[in-house]
Amino acid sequence: MKEALNLQTLKSNAKKKLNGYCRVCPVCDGRACAGEVPGVGRTGTGSSFMENVRALSAVKINLSAIHGETSPNTTISFFGQHLKTPIMAAPMVNYQINTGGGLAENEAAEAIMSGTHFAGSLAWVGDPVDEEMYSQWLEAMNRVGRGVVIIKPRLNQDSILEAFDKAQQNGAVAVGLDVDGAGLITMKLKGQPVGPKTVRQLMELSQSTKLPFIVKGIMTVQDAVKCAEAGVDCIVVSNHGGRVLDHTCGTADALSDIAKELKGRVTILVDGGIRSGTDVLKMLALGADGVLIGRPLIVAGYGGNAEGVEFLINKYTEELYASMILTGCANLQQIDGRILSRKF
């Protein structure tokens, strides 16, 4: 009989296969992998990665167990998709470069796409420079029947629209840009230069696709408002996992102000430093409608393929469920600032 997965087994298996590209640290906070980009680390001193973890850790919760909420509902509707959990897989690609190739790109795509789907959630597809890699991710998305595709902010708008069309043909339920990739020199070296986008350019892209349009990489209220002006359907509060700009604030700190301004006008997601279902609860209380998980799912994929990814998302969802019981939240909509010990 196949041995049931547990977190210790996942991490042990992953550590062997990752071969130092990720140390699978007891606490994934970026201290051991400073400056390791390419790799799973973060740029420069690693301050941005570490700040994501620190900012979220600083958020404290009010425990409340005098109530009648015994069976919280963790489901969410995301652009017509009924999900069992607000936890989705962040877009992560280029496994050969960033994780040493212990999983081939097609194997990683299958693990992330299928495992997330089995957990009743959605995986997001990133945008590798290599067209063959992109096709492998789209094929994996096509097999499960749904996903979200995020494209780098190429200077050529037509190339972005071509990628959107291909994504839609393969089952994407939404598409978008990770604008925080605007400074990636590697894209230029590969003949695909990227850069920032104006409100008008975002509007052009939003109006040129029938799918919901997402902008990932928002860290200020000003940029969030610009997205709303451009007709963006969803934003992701993100600093690219601390991989593109040193010394940014943590996403948990940026989220609260953005949510105060835009909650209800656009869907708000967040990533960065989320390592448990309780962390998910904190992000929702700060104003997010859902979250994206990145590095922990790399470990889960390496440690147990699709089964490992499914296991970890289910684990985080179970922790969220327990945290909702202990804060008196019957559903995700009831998770707000009242459960926090310090008001944001």
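The aromatic rings of Trp137 and Tyr95 sit tilted relative to each other, their planes meeting at an angle between 30° and 60°.
Between the side chains of Asp289 and Thr267, no donor-acceptor pair of N or O atoms lies under 3.5 Å. A donor-acceptor contact closer than 3.5 angstrom is absent between the side chains of Tyr316 and Ser276. For the residue pair Asn170/Arg146, the side-chain donor-acceptor check at 3.5 Å is not satisfied. The closest side-chain donor-acceptor pair between Lys210 and Gln168, if any, does not fall under 3.5 angstrom. A donor-acceptor contact under 3.5 angstrom links the side chains of Glu110 and Ser114, judged on distance only. Judged purely by distance below 3.5 Å, without hydrogens or angles, the side chains of Ser64 and Asn62 never pair a donor atom with an acceptor atom. Side chains of Ser48 and Asn239: no donor on one and acceptor on the other come within 3.5 Å. Side-chain contact check for Ser323 and Thr278: at least one donor-acceptor pair (N or O, by modelled atom type) lies under 3.5 Å. Between the side chains of Lys226 and Thr198, no donor N or O sits under 3.5 Å from an acceptor N or O. Gln201 and Gln157 form no side-chain donor-acceptor contact under 3.5 Å, judged by distance and modelled atom types alone.
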Original post:
Taking it one step at a time, do Val236 and Trp124 satisfy side-chain contact (heavy atoms from CB on, under 4.5 Å)?
Top reply: CA-CA 12 Å; Val236 183; Trp124 290 39; 3.8 Å; yes

**OP:** Applying side-chain contact (heavy atoms from CB on, under 4.5 Å), run through Arg275 and Cys28 and close with a yes or a no.
**Re:** CA-CA 8 Å; Arg275 302 293 182 261; Cys28 178; 3.4 Å; yes

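Counted within 6.0 Å of NZ on Lys84, heavy atoms from surrounding residues, nucleotides or ligands total 12 or fewer; the atom is thus considered open. Remark: Lys263 NZ is packed, more than 12 non-hydrogen atoms of other residues, nucleotides or ligands lying under 6.0 Å away.
In this structure, Leu103 CG and Ile112 CD1 are separated by 8.5 Å, a value rounded to the nearest 0.5 Å. Here Glu51 contributes atom CD and His247 contributes atom NE2; the two are 11.0 Å apart, rounded to the nearest 0.5 Å. For the atom pair Phe213 CZ and Leu205 CG, the distance stands at 4.5 Å (nearest 0.5 Å). Leu5 contributes atom CG, which lies 11.0 Å from atom CG of Asn314 (distance to the nearest 0.5 angstrom).
Heavy atoms only, all atoms of each residue included: Cys227 and Ile235 are closest at CB-CG2, 3.8 Å. Here the shortest heavy-atom pairing between Cys329 and Pro72 reads O-CB, 3.6 Å. Residues Thr327 and Arg338 come closest through the heavy atom pair O-NH1, 3.8 Å.
Grouping the Ile, Leu, Val, Met, Phe, Trp and Tyr side chains by contacts below 4.5 angstrom, directly or via other members, places Ile339 apart from Tyr321. Grouping the Ile, Leu, Val, Met, Phe, Trp and Tyr side chains by contacts below 4.5 angstrom, directly or via other members, places Phe79 with Val144.
A salt bridge is absent between Asp29 and Arg295; no separation between the charged side-chain nitrogens and carboxylate oxygens falls under 4.0 Å.
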